[in-house]
Colleague: 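I have a structure here, written as structure tokens, and I will follow up with some questions on it.
Residue numbers start from 1 in every chain, and the chains themselves are labelled A, B, ... in the order their sequence lines are given, proteins ahead of strands.
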Protein chains: 2
Amino acid sequence: MAGPANFLTRNKSIILYGIFLAVLLFLLKWLELRFLIINHAFEIYAGSIAVLFTALGIWLALKLTKPKTILIEKEIFTERTGAFILNEKELTKLNISKRELEVLQLMSEGLSNQEIASKLFVSLNTIKTHNARLFEKLEVKRRTQAIETAKKLSLIP
Amino acid sequence: MAGPANFLTRNKSIILYGIFLAVLLFLLKWLELRFLIINHAFEIYAGSIAVLFTALGIWLALKLTKPKTILIEKEIFTERTGAFILNEKELTKLNISKRELEVLQLMSEGLSNQEIASKLFVSLNTIKTHNARLFEKLEVKRRTQAIETAKKLSLIP
DNA sequence: TGAAAAATCACCCTAAAGTATGAAGGCGAA
DNA sequence: TTCGCCTTCATACTTTAGGGTGATTTTTCA
């Protein structure tokens, strides 16, 4: 088998060629470095174009396309219990006035006293008075109970 | 009058000349094109970058824009028939736990928080916490609204 | 037309409801 | 075993609801 020295002599030309190539590459690199500014100028130019036209593309897309829309259907549940029939007998029996019934209905819809007051264009205190009378007549202590009872008596839907 | 063949023979040279001119112009155009490509390599390169990045920009914009969402309220009518059937789908959908449902039921019966707490052997604060979570999940602000919504969703009788 | 009923409102006070935040223990799924 | 969810509870604070009382103004109807 041939030793390392033998290997070197046998491939001398190839090695030299390799070294020559390396040097050449180095020179080229050096030259490239010298023209760094020029080269970079080009790259900067190209980069600027890239950035600018990317922006242009985005702008174009945003301006000229119809906005994507996703339709989300939100379910609103509504009662359809045929027709609500007000129990007028009970109403008379309990001596509940129109206004009180009105307040009762709004109450059952989840409105606060203030909201009811605003809706009926009266003061908060008035609603409180109506409530007090209602609770008395319905023999309950809270609005939630009033709603329960009123529904059972078919005073409200 | 002369026929078509006569016309061709009489103007043979002119036609040939025309053809020759056409070919020459075509050649020139072709040469011009080659010339353009060679001498305007940079411009072509820049143009390519521009086109490419415009496309990139458009792609980016289309891909990364959040679609606008439009809420459409859809009315759902619920029949209130004899036996109460718990809407478990809605229950799962709204992520309401058993305990919360329990509180909701008692709430709808007109019980106060303290009464619910006593009935379930827990503290008042616990009920308040359950309520807060319930209101959040049902997207309501008050217990009366919670009852309203829950009834419509068939979460409670 | 005058009394009764209904509707309106105010004030003060208490109770209940609701908000916000933090935390601890249990329990089942990954 | 860790992680997320449920359940529990607490503290502190704000808001709303409700009670009691009294008063004025409409409306209704005999």
Colleague: Counting only side-chain N and O atoms of H130(A), is one of them less than 4.0 Å from OP1 or OP2 of dT8(C)?
Modeller: yes
Colleague: Test: side chain to side chain donor-acceptor pair (under 3.5 Å). Region: residues 124-136 of chain B. Which pairs qualify, not counting sequence neighbours?
Modeller: N113(B)-N131(B), S123(B)-T126(B)
Colleague: Looking at DNA chain D, which of residues 94-101 of chain A put a heavy atom within less than 4.0 Å of it?
Modeller: none
Colleague: Drop me the distance from L91(A)'s CG to K89(A)'s NZ, to the nearest 0.5 angstrom.
Modeller: 13.0 Å
Colleague: In degrees rounded to 10°, what angle is found between the helical axes fit to the five outermost pairs at each end of the helix from dT1(C)-dA30(D) to dA30(C)-dT1(D)?
Modeller: 60°
Colleague: If only side-chain N and O atoms of T126(B) are considered, is one of them under 4.0 Å from the OP1 or OP2 phosphate oxygen of dT7(D)?
Modeller: no
Colleague: Would you mind listing every salt bridge (Lys or Arg N to Asp or Glu O under 4.0 Å) that reaches into residues 115-126 of chain A, with sequence neighbours excluded?
Modeller: E115(A)-R142(B)
Colleague: For the residue pair S154(A) and F84(A), what are the closest heavy atoms and their distance?
Modeller: O-CZ, 3.2 Å
Colleague: Kindly write out the residues that satisfy side-chain contact (heavy atoms from CB on, under 4.5 Å) with Q114(A), not counting sequence neighbours, or none if the list is empty.
Modeller: S112(A), A117(A), S118(A), L124(A)
Colleague: Could you state the CG-P distance from L120(A) to dT26(D), rounded to the nearest angstrom?
Modeller: 18 Å
Colleague: Taking only residues two or more places apart in sequence, or in another chain, which ones meet K152(A) in a salt bridge (Lys or Arg N to Asp or Glu O under 4.0 Å)?
Modeller: E148(A)
Colleague: Show me the side-chain donor-acceptor pairs of residues 99-107 of chain A shorter than 3.5 Å, one per line, residues at least two apart or across chains.
Modeller:
unit_1: R99(A); atom_1: NH1; unit_2: E102(A); atom_2: OE1; d: 3.2
unit_1: R99(A); atom_1: NH2; unit_2: L120(A); atom_2: O; d: 3.3
unit_1: E100(A); atom_1: OE1; unit_2: S97(A); atom_2: N; d: 2.9
unit_1: E100(A); atom_1: OE1; unit_2: S97(A); atom_2: OG; d: 3.3
unit_1: E100(A); atom_1: OE1; unit_2: K137(A); atom_2: NZ; d: 2.8
unit_1: E100(A); atom_1: OE2; unit_2: K137(A); atom_2: NZ; d: 3.1

Colleague: Rounded to whole angstrom units, what separation is found between the CG atom of L104(A) and the P atom of dG18(D)?
Modeller: 12 Å
Colleague: Take atom CZ of F121(A) and atom C1' of dA7(C), then tell me their distance rounded to the nearest Å.
Modeller: 17 Å
Colleague: Using whole Å, what does the distance between atom P of nucleotide dA17(D) and atom CG of L106(A) come to?
Modeller: 13 Å
Colleague: Which atom names give the shortest non-hydrogen contact between I156(B) and S108(B), and what distance separates them?
Modeller: CD1-CB, 3.5 Å
Colleague: How long is the line joining CD of E102(B) and C1' of dT8(D), in whole Å?
Modeller: 14 Å
Colleague: Mind jotting down which residue pairs meet the salt bridge (Lys or Arg N to Asp or Glu O under 4.0 Å) criterion with at least one end in residues 48-61 of chain B? Sequence neighbours excluded, please.
Modeller: none
Colleague: How many whole angstroms separate atom CD of E136(B) from atom P of dC6(D)?
Modeller: 12 Å
Colleague: Atom CG of L111(A) and atom CD1 of I127(A): how far apart are they, to the nearest 0.5 Å?
Modeller: 10.0 Å
Colleague: When you check every protein heavy atom under 4.0 Å of nucleotides 16-30 of chain C, what one-letter string (B, S, -) results, 5' to 3'?
Modeller: -BBS-----------
Colleague: I'd like to know whether NZ of K93(A) has more than 12 heavy-atom contacts from other residues, nucleotides or ligands below 6.0 angstrom.
Modeller: no
